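Read through the structure below, which is laid out as structure tokens, and then see the notes.
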Amino acid sequence: MRMITRLAPGFILLFTMGPSFAQSPQPSFLPDTGISGVSPSDIFFDSFDGGYIPLSKMRSEDILRLRDRIRPIYRPKFVDATSADWLYPNDRVIIHRGETVAYAYPLKILDYHEIVNHSVDGLPVLVTYCPLCSSGVVFERCLDGESTYFGNTSALYQNNMVMYDYATLSYWVQVSGEAITGKLTGRKLEVLPSMTMTWEEWLQQDEPTMQFRFLTRLYL
């Protein structure tokens, strides 16, 4: 299986050291890897030292150490579209529309965080982006009617990001929203409508009743 190098750890650390990231309790328990819909040898963890380790050979302490190494966003901050002076017209954004507000999540930020735990109109929303696949998907982050956070395992399955939920620590494939390891193996997250387009294309959307807000880097 051909693995592709991720973003350099130095850049990742730049975006993970701030105190604003101590925002939610990270689970200390381990996933039930005895339940899996795929071979544990096909799930590879990025060791961030140039190597990859299959789940079948991972030690418990390494699973915990690498969890959320690429730090998700738990308390996103948004500003009006007129404040996006640091975005270029061809910069891409993921768009998710609520009832009266459309939210833009710039890939310039998601390249470093990959996951945003958000709520729109009271609905728990999970915005995900895998830089290796250039795949942006928005899900409802509810399990059995209860909202939960999602984090980053630092693992890949078929070169796609593998997420985990804070409720059961089941492993989920980002592009499909399907659980492949753990208690919820076989379950799928509900996909929510979203679009990926350039910043310029988004600004040209003619919806006079819709407010436009974008995820800002100022939370760092």
Side-chain angles (χ1 to χ4, degrees), residues 15-16 18-33 35 37 63-64 66-79 93-107 109-110 112-130 135-155 157 160-196 210-216 219-220:
F15 284 81
T16 59
S20 60
F21 288 97
Q23 295 172 334
S24 73
Q26 188 188 78
S28 59
F29 58 99
L30 293 167
D32 184 353
T33 57
I35 305 173
I63 291 177
L64 294 173
L66 293 174
R67 188 176 289 166
D68 282 354
R69 179 73 179 269
I70 299 176
R71 188 68 171 167
I73 297 173
Y74 297 104
R75 294 179 182 174
K77 297 184 184 300
F78 294 85
V79 295
V93 294
I94 296 174
I95 308 298
H96 174 65
R97 287 185 169 91
E99 294 179 2
T100 59
V101 180
Y103 293 92
Y105 307 84
L107 299 194
I109 294 177
L110 292 177
Y112 294 99
H113 296 286
E114 302 186 358
I115 294 173
V116 180
N117 293 272
H118 188 205
S119 293
V120 176
D121 299 326
L123 180 69
V125 170
L126 176 67
V127 181
T128 69
Y129 177 68
C130 177
S135 55
V137 189
V138 179
F139 301 99
E140 182 178 341
R141 56 178 180 88
C142 283
L143 299 175
D144 297 325
E146 297 291 333
S147 65
T148 185
Y149 286 120
F150 278 76
N152 198 321
T153 65
S154 294
Y157 174 68
N160 186 236
M161 174 180 61
V162 176
M163 312 177 292
Y164 72 94
D165 69 82
Y166 274 35
T168 72
L169 289 191
S170 297
Y171 286 3
W172 304 78
V173 179
Q174 179 266 342
V175 72
S176 65
E178 182 176 359
I180 57 173
T181 295
K183 179 181 178 181
L184 300 183
T185 293
R187 293 270 294 273
K188 282 194 172 183
L189 298 173
E190 182 176 348
V191 178
L192 298 177
S194 67
M195 298 177 291
T196 301
M210 182 74 69
Q211 299 180 46
F212 295 91
R213 295 176 67 79
F214 79 99
L215 179 68
T216 176
Y219 69 89
L220 297 173

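For reference, positions follow the sequence shown, starting with 1. Every heavy atom of this structure was used, including side-chain atoms; hydrogens, water molecules and symmetry mates were not. Values in this document were obtained by computation on a predicted structure and should not be read as measured data.
Considering Leu189, Val191, Leu192 in turn, Leu192 is the only one that fulfils the side chain to side chain contact (heavy atoms under 4.5 Å, CB included) rule with Glu140.
With rounding to the nearest 0.5 Å, the separation of OG1 in Thr168 from OH in Tyr171 is 11.0 Å. Here the CG atom belonging to Asn160 is positioned 8.5 Å from the OG1 atom belonging to Thr128, to the nearest 0.5 angstrom. The distance from atom OH of Tyr149 to atom OH of Tyr74, rounded to the nearest 0.5 Å, is 8.5 Å. In this structure, OG in Ser170 is found 8.5 Å from CG in Asp32, a value given to the nearest 0.5 Å. Between Met163 atom CE and Leu126 atom CG the span is 5.5 Å, to the nearest 0.5 Å. For the atom pair CG (Asn117) and CD1 (Ile73), the distance works out to 9.5 Å, reported to the nearest 0.5 Å.
Residues Glu114 and Met161 approach most closely at OE1-SD, 3.0 Å, considering heavy atoms. Taking both residues in full, the closest heavy atoms of Arg97 and Ala102 are given as CG-CB, 3.7 Å, listed atom of the first, atom of the second, then distance. Taking every heavy atom of both residues into account, Gly136 and Thr196 meet most closely at O-OG1, 4.5 Å. Of all heavy-atom pairs spanning Ile115 and Gly151, the tightest one is CD1-O, 3.3 Å. Here the closest heavy-atom approach between residue Tyr157 and residue Val162 is recorded as N-CG2, 3.5 Å. When all heavy atoms are compared, the tightest approach of Phe78 to Thr216 is N-CG2, 4.3 Å.
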**Request:** Apply side-chain contact (heavy atoms from CB on, under 4.5 Å) to the pair Ser194 and Val137, showing each step before the final yes or no.
**Result:** CA-CA 7 Å; Ser194 67; Val137 189; 5.7 Å; no
**Message:** As a quick check of understanding, evaluate side-chain contact (heavy atoms from CB on, under 4.5 Å) for Arg141 and Ser119, giving each step before the final call.
**Reply:** CA-CA 9 Å; Arg141 56 178 180 88; Ser119 293; 3.4 Å; yes
**Asked** Given the rule in the side-chain contact (heavy atoms from CB on, under 4.5 Å) test, do Ile180 and Trp172 qualify, once you have shown the distances and angles that lead to the verdict?
**Response** CA-CA 6 Å; Ile180 57 173; Trp172 304 78; over 6 Å; no
**Request:** Could you check Tyr105 against His118 for side-chain hydrogen bond (donor to acceptor under 3.5 Å, both in side chains), going step by step and ending with a plain yes or no?
**Result:** CA-CA 11 Å; Tyr105 307 84; His118 188 205; 2.8 Å; yes
**Message:** Set out, in order, the CA-CA distance, both residues' side-chain angles and the distance that settles side-chain contact (heavy atoms from CB on, under 4.5 Å) for Val79 and Phe214, then state yes or no.
**Reply:** CA-CA 6 Å; Val79 295; Phe214 79 99; 3.2 Å; yes
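Panel note: side chain His96, backbone Val127; no donor-acceptor pair is recorded below 3.5 Å. Side chain of Asp121 to backbone of Leu123: no donor-acceptor contact under 3.5 angstrom is found. Distance alone, capped at 3.5 Å, is enough to place a donor-acceptor pair between the Asp68 side chain and the Asn152 backbone.
A donor and an acceptor atom, one from each side chain of Thr100 and Gln211, are nowhere located under 3.5 Å apart.
For the pair Leu107 and Ile94, the minimum side-chain heavy-atom distance is below 4.5 Å. Inter-residue side-chain proximity for Ile70 and Tyr112 is flagged as unmet; no heavy-atom pair is nearer than 4.5 Å. Here the side chains of Thr181 and Ile35 are not in contact, with every heavy-atom distance at 4.5 Å or above. Side-chain contact between Thr153 and Leu66 is absent, with no heavy-atom pair separated by less than 4.5 Å.
Annotation: cation-pi geometry satisfied between Arg67 and Tyr164 (NZ/CZ under 6.0 angstrom from ring centroid, within 45° of ring axis).
For Arg187 and Asp144, the salt-bridge test passes: some basic side-chain N is under 4.0 Å from an acidic carboxylate O.
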